[in-house]
There are 2 protein chains.
Amino acid sequence: MIGCVEDDSVDRHLARWRGKAPYDERVEGVVTRMQFLVKHLKQFKEAALAQVGMQDFEFETLHRLVAAGGSATPSKLAAEMLLSPAGMTGRLDTLERSGLVRRVRGSDDRRRVDVELTAKGRELWTEAMAIRARVESELVSALDADEQQTLDALLKRLMIQAESRR
Amino acid sequence: MIGCVEDDSVDRHLARWRGKAPYDERVEGVVTRMQFLVKHLKQFKEAALAQVGMQDFEFETLHRLVAAGGSATPSKLAAEMLLSPAGMTGRLDTLERSGLVRRVRGSDDRRRVDVELTAKGRELWTEAMAIRARVESELVSALDADEQQTLDALLKRLMIQAESRR
DNA sequence: GGAGCATATTTCGCCAGCGAATCTTTCGTC
DNA sequence: GACGAAAGATTCGCTGGCGAAATATGCTCC
């Protein structure tokens, strides 16, 4: 049983609204809930990460870097994270200042910069992984495995739609 | 049929990753996709709203205000939007300067401020509604009605979990 | 009925991200 | 092989939001 009797804040919001505007309640519900959940996660993860003295955006960057095998170019990272190149420069500055990351000029194409993870960076990332995973899991585990699977599949369909319009 | 053969960028991300860290791929998939989709929507809506010279956060505030019946207090609005009171002050400043909103001291409790929508504010909101609805709809309509219903129900379950931990 | 506590909002200093402009290196073309 | 266009990264000025402190008003209790 997927349905749910209880109301959430979005239900209350939509109810106050019914009939007052020509809009699709289902679409609005989906979008509003996703926005809220993402914001909620962000706030909780930030609070949790403060335990190891790291900020959310720092972890996010380290994470992509580890995923890329320990090194990548700034523009590649920026594109993956839907971030402006300028924003990425700022992030890398702070990470480099904390010694979590190192910038190396590309040897073949000297316009490029390779960003490499330091040992300290990898270590801190590992710690942070556990913390983040716990927070995310606390939220998502409200659903059982099958339901998570269904949710993920539906979101993926939206992803493909989104990425085709880019 | 909910499943989907094609890969999205999150699939590729997770695949590069498999076995390299102790983390739950399903949870990570759900969370990462929601984050991406929200960011995607934000960017598209911002671009679309620029047509009527409005910014995303301005619309969001007007929208809640209309939903509340045309007036509400700053703190109430801030709480609903997961925004700090200070942030709300800034938003209201901009809106008031553009003449979309009006601040009135509460008559009974003079600590309070009532924020009221102006005629111009309501008019602009109506225009913006259509634009935003179109963008959201373009994304969500990748799913049929049943699937949207299922997605919404699952998200709502997560909402209730999130709101119970606040 | 005045002192202190609670509540609602704003002010202030700070930070991350954006867009535009800049600088450097590379590629393409004649 | 030189010169203009393109690509990659950074700098600069600006904006929205946050947390903490300040301000203003209302409430309570002796």
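Keep in mind it's a predicted model, so treat the numbers as computed, not measured. Within every chain, numbering begins at 1; the chains are lettered A, B, ... in the order of the sequence lines, protein sequences first and strands thereafter.
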task = Specify the closest pair of heavy atoms between A/P74 and A/V113, including all atoms of both residues, with the distance to one decimal.
result = CD-O, 3.1 Å
message = Rounding to an integer number of Å, can you tell me how far B/K42 NZ sits from D/dT15 C1'?
response = 12 Å
query = From D/dG16, D/dC12, D/dA20, pick the nucleotide closest to the side chain of A/A86?
reply = D/dC12
key: Flag, side chain of A/R112 to backbone of A/T73, donor-acceptor distance under 3.5 Å   = no
request  = Find the distance A/K76:NZ to D/dA7:P and express it as a whole number of Å.
outcome  = 16 Å
request  = Figure out the CD/C1' separation between A/E46 and D/dC18, and round it to whole Å.
outcome  = 10 Å
request  = Using only side-chain N and O atoms of A/S75, determine if any of them is under 4.0 Å from OP1 or OP2 of D/dG8.
outcome  = no
query = Does the A/E46 side chain pair with the main chain of A/D56, one donor and one acceptor, at a distance under 3.5 Å?
reply = no
ask   = Counting only N and O atoms by type, is there a donor-acceptor contact under 3.5 Å from the side chain of B/Q43 to the main-chain atoms of B/H40?
value = no
ask   = Heavy atoms under 4.0 Å, any strand shown: does A/P74 hit a base, just sugar-phosphate, or nothing?
value = sugar-phosphate
ask   = Is the backbone N or O of A/I160 less than 3.5 Å from a side-chain atom of A/E163, with the two atoms forming a donor-acceptor pair by type?
value = no
key: d(CG, B/L82; P, D/dG19) in whole Å   = 12 Å
request  = Using side-chain contact (heavy atoms from CB on, under 4.5 Å) as the criterion, point out the one residue from B/L92, B/L95, B/V104 that pairs with B/V115.
outcome  = B/L92
query = Which residue lies toward the 5' end of DNA chain C, B/T73 or A/D108, if each is placed at its nearest nucleotide?
reply = B/T73
ask   = Atom CD of B/Q55 to atom C1' of D/dG17: distance rounded to whole Å?
value = 13 Å
query = Could you give the start and end, 5' to 3', of the contact zone on DNA chain C for chain A, using atoms under 4.0 Å from its heavy atoms?
reply = C/dA16 to C/dT26
request  = Write down the distance between CG (A/D109) and P (D/dA9), rounded to a whole number of angstrom.
outcome  = 9 Å
query = Using 30° and 60° as the class limits, which term best fits the ring planes of B/W125 and A/W17: parallel, tilted or perpendicular?
reply = tilted
request  = Measure from CZ on B/F57 to P on D/dC18 and round the result to the nearest Å.
outcome  = 12 Å
task = Pull out every residue in residues 88-107 of chain B that has a heavy atom closer than 4.0 Å to any atom of DNA chain D, ordered by number, or say none.
result = B/R91
key: Integer-rounded Å distance: D/dA9 P and A/R110 CZ   = 13 Å
message = Regarding A/E80 and A/K76, does a basic nitrogen lie under 4.0 Å from an acidic carboxylate oxygen?
response = no
query = Does B/K45 use its side chain to pair, donor to acceptor, with the backbone of B/I131 at less than 3.5 Å?
reply = no
